[in-house]
Asker: 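Here it is: the structure, laid out below.
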Amino acid sequence: MSVRVRFAPSPTGYLHIGGARTALFNWLYARRHGGVFVLRVEDTDQARSTEESYRAIIDSMRWLGLDWDEGPEVGGPHGPYTQMERLASYAQAADRLVDEGKAYRCYATKDELDALRRDAERQKKQFFYPHLWRDKTSKDWIAGAPYVIRFKSPLSGETSFDDEVFGRITTPNDHLQDFVLLRSDGVPLYNFGAVVDDVTMKITLVARGRDHVVNTPQQVLLYEALGAPAPRFAHLPMMLAPDGKKLSKREAERYDIPVSVTAYRDRGFSPDGLLNYLVRFGWSHGDQETFTRREMIDLFDFSGASRADGKFDMKKCLAINHKISKDERTTSRHEYARRARPFVEARGLAPDDAHLGRALDVVRERARTFVEAADAVDYFFREPVARDPVAVKSALVPAAAPVLARLRAEVAKLDALDPETLHAALDATFDWKQAGPAARVALTGRAASPGLHEVMSALGKATVLARLDEAIAIASAG
RNA sequence: GGCCCCGUCGUCUAGCGGUUAGGACACUGGCCUCUCACGCCGGUAACACGGGUUCGAGUCCCGUCGGGGUCACCA
């Protein structure tokens with residue numbers, strides 16, 4: 001049977017970093033096995049679902065490059081891929097279960113149940129749905145009154161399944177509630193909607209966060225009741241905040257960790273950089289730290305997944321992004337410039353491609369993100385260059401004027417400013433240890449920068465001469 | 001609390017009965033050097049604890065402790 005997996009986010013917020021990892025693992029599994037990757041929108045929580053969230057999720061998936069074969073915007077043979085457009089399917093399945101005596105109508109109201117729940121809480125007892133309507137028949141139904149459809153859970157025995165990463169998981173049935181399949185308005189709840197869809201969409205493996213293992217038994221029971229074979233399951237360990245708490249937005253902010261994929265994009269991460277951090281979170285292939293997409297796909301396997309939850313490490317995430325971005329093997333020069341450009345333009349600069357490319361070549365190895373790259377490249381294009389007052393005060397002193405003047409004279413004699421020519425022309429006569437600081441502030445306005453020969457080369461002769469003239473004037477004025 | 005799961009350096013992890021317990025990030029000493037990075041060489045640092053099984057346990061079993069997940073007409 002061909003492999004079919006899905007990623008099924010609910011549009012109740014941005015795409016969470018943990019969700020992105022789940023999506024990645026599913027995508028890798030599908031690509032690895034030449035299968036189909038389905039994107040399905042679980043928007044049955046009408047109170048929280050928004051069009052804006054839907055948009056953010058789609059955009060994030062595209063930015064990450066996790067393309068789907070079936071789903072919203074691309075369609076497919078099992079559509080629609082949005083649950084609110086599939087209500088008839090759930091109603092039909094639910095009716096069938098009721099007819100077969102595997103589910104039943106429950107007329108107890110939410111208020112009524114909430115009251116019971118509060119009572120249980122007050123008595124410090126666990127609330128358990130009293131089987132109010134479990135054993136009633138259609139003769140007891142109240143015409144015109146709202147009802148939900150509940151699953152008739154087994155009262156004894158146990159349910160188990162073989163998880164691809166955790167192995168066999170078995171849980172007793174006796175504490176299973178008669179969970180709700182269909183709300184009184186006909187909208188399905190998560191467990192039911194997901195199972196009905198997974199059956200009709202012929203999903204063969206479900207990979208998701210470990211927080212879902214608890215409702216897997218209920219889903220297994222549902223497959224059974226529906227007379228459909230259950231897919232395989234693969235649960236992934238949780239991604240936690242540095243303190244071991246849930247990586248919620250609030251918790252993450254305390255550690256300056258972005259939680260939405262769009263935030264990583266805005267912070268100047270490259271999709272491949274982020275993906276490389278994520279793929280090594282809960283999965284490994286020996287000691288290999290970074291992968292090209294091709295390698296990820298070829299090497300991915302659930303046997304490489306770990307079972308222990310992990311804590312997010314922003315420093316490492318940045319380091320991995322840095323490694324991926326600066327390496328031509330994983331990020332081409334052209335790709336780097338294409339992604340960096342918007343961040344440069346956001347600073348009000350508009351260099352042409354050739355000029356930008358030269359500057360990025362010079363700073364690339366020292367920028368962890370495109371935001372840092374844009375900052376590092378700023379003085380190449382800003383006129384007049386912005387000079388750091390502290391650096392000016394310490395380096396552009398009167399004594400530096402003659403040194404800068406001599407540098408200006410030497411550069412003026414040259415035709416091309418490539419690094420080799422500059423080294424040949426200047427190194428014999430300049431003591432860079434002494435001339436460096438002043439030249440650096442003159443040319444870049446900063447106390448730290450890439451090597452001066454490289455900087456001059458990327459700056460171009462005209463700009464170099466102009467900036468030296470400015471600096472000489474500043475230095476002379478003291 | 002019930003049920004389920006997990007436990008190797010600070011962090012991500014390798015390990016699948018016999019290893020000086022390896023790598024990466026972080027931290028740190030040094031080299032390189034016009035500064036900052038990059039790069040290179042080196043260092044600190046881990047098998048939660050207690051019982052078993054075994055000639056031999058990080059690897060297998062049990063217990064303890066610790067951590068996490070979940071108990072909705074949310075997903």
Asker: Give the rounded distance in Å between these two atoms: NZ of A:K311 and P of B:G7.
Answerer: 14 Å

Asker: Treat primed atoms plus P, OP1 and OP2 as sugar-phosphate and everything else as base, then score nucleotides 24-44 of chain B 5' to 3': B for base contact with protein heavy atoms under 4.0 Å, S for sugar-phosphate contact only, - for none.
Answerer: BSS-------BBBBSS-----

Asker: How close or far is atom C1' of B:U11 from atom CD1 of A:I257, stated in whole angstroms?
Answerer: 11 Å

Asker: Scan residues 313-324 of chain A for pairs that pass salt bridge (charged side-chain N to carboxylate O under 4.0 Å, His left out), counting only residues two or more places apart or in two chains.
Answerer: A:E289-A:K316

Asker: In whole angstrom, give the distance that lies between atom CZ of A:R168 and atom P of B:C6.
Answerer: 15 Å

Asker: Holding to side chain to side chain donor-acceptor pair (under 3.5 Å), I want the full list of residues that pass it with A:S10, two or more places apart in sequence or in another chain.
Answerer: A:T12

Asker: Please report, rounded to the nearest Å, how far the C1' atom of B:C3 is from the CZ atom of A:F128.
Answerer: 12 Å

Asker: Kindly state each residue pair satisfying salt bridge (charged side-chain N to carboxylate O under 4.0 Å, His left out) with at least one member in residues 151-161 of chain A, sequence neighbours excluded.
Answerer: none

Asker: Using atom P in both nucleotides, what's the gap between B:C25 and B:G43 to the nearest angstrom?
Answerer: 16 Å

Asker: Tell which nucleotide pairs with B:C65, taking only Watson-Crick or G-U wobble pairs whose two distances are both under 3.5 angstrom.
Answerer: B:G7

Asker: Who pairs with A:D327 by side chain to side chain contact (heavy atoms under 4.5 Å, CB included), at least two apart in sequence or on another chain?
Answerer: A:R329, A:T330

Asker: Of the nucleotides B:C4, B:A14, B:G7, which has the atom closest to the A:A308 side chain?
Answerer: B:G7

Asker: Could you tell me which nucleotide pairs with B:G39 by Watson-Crick or G-U wobble geometry, both distances under 3.5 Å, or answer none if nothing does?
Answerer: B:C31

Asker: Who pairs with A:D431 by salt bridge (charged side-chain N to carboxylate O under 4.0 Å, His left out), at least two apart in sequence or on another chain?
Answerer: none

Asker: Paired with B:C47 by Watson-Crick or G-U wobble geometry, both distances under 3.5 Å: which nucleotide is it?
Answerer: none

Asker: To the nearest angstrom, how far is A:R307 atom CZ from B:U59 atom P?
Answerer: 14 Å

Asker: Treating primed atoms plus P, OP1 and OP2 as sugar-phosphate and everything else as base, which nucleotides of nucleotides 67-75 of chain B get B, S or - for protein heavy atoms under 4.0 Å?
Answerer: -BBSSSBBB

Asker: Could you name each residue pair satisfying salt bridge (charged side-chain N to carboxylate O under 4.0 Å, His left out) that touches residues 174-190 of chain A, not counting sequence neighbours?
Answerer: A:R134-A:D178

Asker: What is the minimum heavy-atom distance between A:T22 and A:A207, and which atoms define it?
Answerer: CG2-O, 3.5 Å

Asker: On a whole-Å scale, what distance lies between the P atoms belonging to B:C65 and B:A57?
Answerer: 25 Å

Asker: Could you work out, with side chain to side chain contact (heavy atoms under 4.5 Å, CB included) as the rule, every residue matching A:A425, not counting sequence neighbours?
Answerer: A:L414

Asker: Taking atom C1' in both B:U33 and B:C40, what distance in whole Å separates the two?
Answerer: 13 Å

Asker: Measure up the A:Y107 and A:W133 rings against each other and bin them: parallel (under 30°), tilted (30 to 60°), perpendicular (over 60°).
Answerer: tilted

Asker: In whole Å, I'd like the distance from the CZ atom of A:F312 to the C1' atom of B:U11.
Answerer: 11 Å

Asker: When the distance from CG of A:D301 to P of B:A14 is rounded to whole Å, what number comes out?
Answerer: 13 Å

Asker: If you measure from the C1' atom in B:C9 to the same atom in B:G58, how many Å do you get, rounded?
Answerer: 13 Å

